[in-house]
Enquirer: 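Next up is a structure, given as C-alpha cells.
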Amino acid sequence: MTTVISHFSALRAIRRARRAYSALPWDSIDGGQQAQALAGCIPNNDAVDFSALSILDAWNEDDSEPLDLLISNEDNRRPDKRIRQHILSATLPKGAIMRIEADIYATSPAMTAMLCSKNESVAKTLMLLMELLGTYSLPPEATYPIAYDDTWPKADGFEAMGDLDCQGSQPAPEGQAEARYEQAHYKCEPATTIEDLEAIARFAKSSSYASFRTAVKLARTGSASPAESLMFAVLGAPMRFGGFGCCSLPMGGLLLNYRIDFDTLAVNMSSGIPYAICDLYCPAAGVDNEYNGIGHELQNARIHDGNRNNGLKAMGIHVLVINRDQMKDLVALEAFAQTMHRLAGARFRYRIKGYRKRQAAWLNALRTGIGLAPV
C-alpha cells in the first residue's frame with residue numbers, strides 16, 4: 001500500500017521540508033512509478049501512517065483539517081472522516097508525483113500549486129508560485145490560514161499586523177524599542193522551475209485552473225522574500241490586473257535579485273564592495289528598486305546600504321527605496337512606476353477605466369496570498 005498526499009497536505013509537507021533542509025529532498029519518479037504509486041493508494045484504516053505523516057507535517061491533528069490524498073479511481077475510495085480523497089480523471093503528466101520515503105509520495109511542487117489554485121484568484125496563486133520559484137518558504141503553519149483568506153500569524157505572543165512585519169506583543173527589554181519581526185520566512189533553494197510549471201499548466205485545461213495558467217505566465221524566479229514577491233507583482237503585473245505594467249518594459253522588464261558587478265570606481269566609492277544584488281532591477285530604466293524592511297533599519301545595515309548605493313550610483317544606476325508604508329500606498333507605487341517608465345523612455349498611460357479600484361483589489365488579493373490583512 002502507498003500514500004500519495006496532495007493539495008494543502010502536500011503544500012504543508014513542501015514547506016516543512018524546505019524549512020528543515022533548505023531544499024526539497026524528495027526524489028523524482030518516472031511515469032510508470034507514478035501510476036504504480038497512485039494505484040496503490042487505497043486508504044484503508046491500517047494503510048495510512050498518520051504518525052509518519054505528522055512528522056512530515058503533511059497532517060496535524062491540532063489543525064482539525066483532513067488529510068488530502070490522491071487516489072486513482074472511485075473503487076479505491078474509503079470512508080474516513082480524517083481523509084479528503086481526490087481523483088483526477090486524466091493521466092498525470094510527467095513529474096506530477098515525487099517520492100518522500102518508502103511508500104509515501106506527494107504531488108510535486110508544481111502539481112501541488114495547480115491543485116491548490118483551483119477556483120482561486122490569479123493574485124493569490126501568483127504569490128504561491130513566486131514562493132515556490134523563489135529562495136524562501138513560508139512555514140507550514142501558515143498554509144491553512146492563507147488558504148482560508150485569514151491573516152497570519154495569529155499565534156500567542158504575536159499580533160497580526162496590516163503590513164509586511166509582525167510585532168511581538170511581549171514587553172521589550174528595558175531601554176530597547178519595541179521588538180519587531182520580519183514576516184516569518186525561511187531561506188532555501190527553489191522548489192520548482194518555470195519549465196515545470198509550464199508543463200503542468202498545459203495539463204491543467206479545466207476552467208477551474210484558469211488562474212493557475214495565467215499566474216504561470218506572470219511568475220518569475222528569484223524572489224527572496226514575501227515582500228519582494230509583493231513588490232514585483234504590484235509594480236510588474238499588467239495594468240488590466242491592477243499592476244503598474246513595468247514587466248512590459250524592454251530588456252526583461254523587472255529582474256529579481258539581479259547581480260551587478262562593480263567596476264574599479266564603483267568598488268572605491270562603495271568602500272570595497274565588489275557587487276550589488278538588486279531586489280528588483282529594471283534594466284531598461286537603470287533602476288534598482290529596494291524594499292526597505294526591518295533589517296535595513298539597523299545602524300550597520302544603513303551604513304552598508306549607503307556604501308552599496310554609492311557603488312550603484314557610480315555605475316549610473318538609480319536607487320529607489322520603497323519602505324513598508326509605501327507598499328500600501330498606491331499613489332506612491334504609481335510614482336515609482338512612472339519614474340521607471342520615464343527613465344526607460346516609455347510612456348506611462350492607463351488604457352483601462354476604474355484603474356485605482358482595480359489596483360486596490362489587486363494589492364489586497366496579493367496580500368491575502370501571503371497572509372496579510374487588506375489595506
Side-chain angles (χ1 to χ4, degrees), residues 8 10-12 14-15 17-19 22-24 108-117 120-140 142-143 145-147 149 152 164 182-201 204 209 211-238 241-248 252-258 277-282 289-291 293 322 327 333 362-372:
F8 292 105
L11 182 56
R12 278 187 61 107
I14 289 168
R15 284 171 167 161
R18 296 182 81 199
R19 178 172 69 177
S22 299
L24 193 65
S108 67
M111 189 69 181
T112 299
M114 186 208 82
L115 295 172
C116 292
S117 73
E120 285 287 1
S121 68
V122 173
K124 191 173 178 182
T125 303
L126 177 59
M127 287 294 95
L128 175 57
L129 298 188
M130 294 294 291
E131 175 188 346
L132 296 175
L133 289 166
T135 56
Y136 72 95
S137 175
L138 294 176
T143 302
I146 292 176
D149 295 342
W152 179 87
L164 289 168
E182 285 288 351
Q183 187 187 29
H185 59 276
Y186 302 91
K187 183 177 176 61
C188 56
E189 294 299 313
T192 191
T193 64
I194 290 289
E195 292 75 19
D196 288 342
L197 291 172
E198 290 173 340
I200 297 298
Y209 300 116
S211 63
F212 176 79
R213 296 192 298 270
T214 301
V216 169
K217 296 177 182 177
L218 299 177
R220 297 291 186 274
T221 61
S223 178
S225 71
E228 289 182 7
S229 295
L230 181 62
M231 181 169 61
F232 166 83
V234 171
L235 292 174
F241 291 106
F244 290 100
C246 292
C247 278
S248 65
L254 297 176
L255 307 176
L256 284 150
N257 287 289
Y258 183 79
I277 302 296
C278 302
D279 284 353
L280 192 62
Y281 182 58
C282 180
N289 297 279
E290 289 290 317
Y291 172 68
I322 304 177
M327 283 302 301
L333 292 168
W362 177 250
L363 174 60
N364 283 331
L366 292 170
R367 291 170 63 84
T368 299
I370 51 177
L372 297 177

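The structure presented is a predicted model; accordingly, all values stated were derived computationally and were not measured.
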Enquirer: Applying side chain to side chain contact (heavy atoms under 4.5 Å, CB included), run through L218 and V122 and close with a yes or a no.
Expert: CA-CA 9 Å; L218 299 177; V122 173; 3.9 Å; yes
Enquirer: To the nearest 0.5 angstrom, please state how far the CG atom of L333 sits from the CZ atom of F244.
Expert: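 L333 CG to F244 CZ: 5.5 Å, rounded to 0.5 Å.
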Enquirer: How many angstroms lie between atom SG of C116 and atom CG of L11, to the nearest 0.5 angstrom?
Expert: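 Reported to 0.5 Å precision, the distance equals 5.0 Å.
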Enquirer: Spell out, as yes or no, whether a donor-acceptor pair under 3.5 Å connects the side chain of R19 to the backbone of L138.
Expert: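 Not a single qualifying donor-acceptor pair exists.
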Enquirer: What is the minimum heavy-atom distance between C246 and L254, and which atoms define it?
Expert: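 Heavy atoms of C246 and L254 come nearest at CB-CD1, 3.8 Å.
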Enquirer: Atom CG in L230, atom CD1 in I322: separation rounded to 0.5 Å?
Expert: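 CD1 of I322 is found 10.0 Å from CG of L230.
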Enquirer: Using a strict cut-off of less than 4.0 Å between a Lys/Arg side-chain nitrogen and an Asp/Glu carboxylate oxygen, indicate whether E131 and R15 qualify as a salt bridge.
Expert: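 Yes, E131 and R15 are salt-bridged.
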Enquirer: Would you say that F212 contacts L197 through its side chain, given a criterion of any heavy-atom pair below 4.5 Å between the two side chains?
Expert: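 Heavy-atom side-chain distance check passes, below 4.5 Å.
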Enquirer: So which of E195, M111, R213 actually passes side chain to side chain contact (heavy atoms under 4.5 Å, CB included) with I200?
Expert: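 Option passing the side chain to side chain contact (heavy atoms under 4.5 Å, CB included) with I200: M111.
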Enquirer: Is a side-chain donor or acceptor of S117 paired with a backbone partner of E120 at a separation under 3.5 angstrom?
Expert: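 Side chain of S117 to backbone of E120: no pair is present.
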Enquirer: Between L235 and L280, does a side chain to side chain contact (heavy atoms under 4.5 Å, CB included) hold up when you go through it step by step?
Expert: CA-CA 10 Å; L235 292 174; L280 192 62; 4.0 Å; yes
Enquirer: Of the options T221, T135, L133, which is the one that meets P190 in a side chain to side chain contact (heavy atoms under 4.5 Å, CB included)?
Expert: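 Among T221, T135, L133, the one meeting side chain to side chain contact (heavy atoms under 4.5 Å, CB included) with P190 is T135.
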Enquirer: Using the six-membered ring wherever Trp is involved, compare the ring planes of F241 and W362 and label them parallel, tilted or perpendicular (cut-offs 30° and 60°).
Expert: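 Rings of F241 and W362: tilted, as their planes differ by 30° to 60°.
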Enquirer: Using distance alone, with no hydrogens and no angle criterion, decide if S229 and Y136 have a side-chain donor and acceptor under 3.5 Å apart.
Expert: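 A donor-acceptor contact under 3.5 Å links the two side chains.
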Enquirer: Determine whether a donor-acceptor pair (N or O, by modelled atom type, separation under 3.5 Å) exists between the side chain of K124 and the backbone of I370.
Expert: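 Judged by distance alone, no pair lies under 3.5 Å.
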Enquirer: Any side-chain heavy atom of E228 within less than 4.5 Å of one from N257?
Expert: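 Result yes, sub-4.5 Å side-chain heavy-atom pair found.
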Enquirer: At their closest point, which heavy atom of I194 faces which heavy atom of A219, and how far apart are they?
Expert: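 In terms of heavy atoms, the two residues are closest at CD1-O, 3.8 Å.
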Enquirer: Looking only at heavy atoms, what is the nearest atom pair of I14 and P109, with distance?
Expert: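 Here I14 and P109 meet closest at CD1-CA, 3.7 Å.
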Enquirer: Given L115 and F8, is the side chain to side chain contact (heavy atoms under 4.5 Å, CB included) satisfied, shown in steps?
Expert: CA-CA 8 Å; L115 295 172; F8 292 105; over 6 Å; no
Enquirer: Step by step, work out the side chain to side chain contact (heavy atoms under 4.5 Å, CB included) result for V216 and M114.
Expert: CA-CA 10 Å; V216 169; M114 186 208 82; over 6 Å; no
Enquirer: I need the F232 CZ to L255 CG distance, nearest 0.5 Å.
Expert: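 So the CZ of F232 and the CG of L255 are separated by 9.0 Å.
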Enquirer: Determine whether a donor-acceptor pair (N or O, by modelled atom type, separation under 3.5 Å) exists between the side chain of R18 and the backbone of E189.
Expert: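 Indeed, once roles are kept as given, a pair shorter than 3.5 Å links the two residues.
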Enquirer: Of all heavy-atom pairs between G369 and I146, which one has the smallest distance, and what is that distance?
Expert: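 Closest approach of G369 to I146: O-CG2, 3.6 Å.
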Enquirer: Taking D196 for the side chain and A110 for the main chain, is one N or O donor matched with an acceptor at less than 3.5 Å?
Expert: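 Between the backbone of A110 and the side chain of D196 there is no qualifying donor-acceptor contact (under 3.5 Å).
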Enquirer: From L132 CG over to L24 CG, what is the distance, rounded to the nearest 0.5 angstrom?
Expert: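 Going from CG on L132 over to CG on L24, the span is 9.5 Å.
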Enquirer: Please examine the side chains of H185 and S137, heavy atoms only from C-beta on, and report whether any two atoms are closer than 4.5 Å.
Expert: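 Not touching, per the 4.5 Å side-chain cut-off.
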Enquirer: Are V234 and L366 close enough that some pair of their side-chain heavy atoms sits under 4.5 Å apart?
Expert: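 Heavy-atom side-chain distance check passes, below 4.5 Å.
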Enquirer: Sub-3.5 Å donor-acceptor pair from the side chain of S248 to the main-chain atoms of G245, do we have one?
Expert: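 Flag set: sc S248 to bb G245 pair under 3.5 Å.
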Enquirer: Please report the shortest heavy-atom distance between L129 and A113, naming the atom on each side.
Expert: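 Nearest heavy atoms, L129 then A113: CD2-CB, 3.6 Å.
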Enquirer: Indicate the atoms forming the closest heavy-atom contact of A123 with A365, along with that distance.
Expert: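 A123 and A365 have their closest heavy atoms at CB-CB, 3.5 Å.
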Enquirer: Could you state the interatomic distance from CE (M327) to CE (M231), rounded to the nearest 0.5 Å?
Expert: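 CE of M231 is found 6.5 Å from CE of M327.
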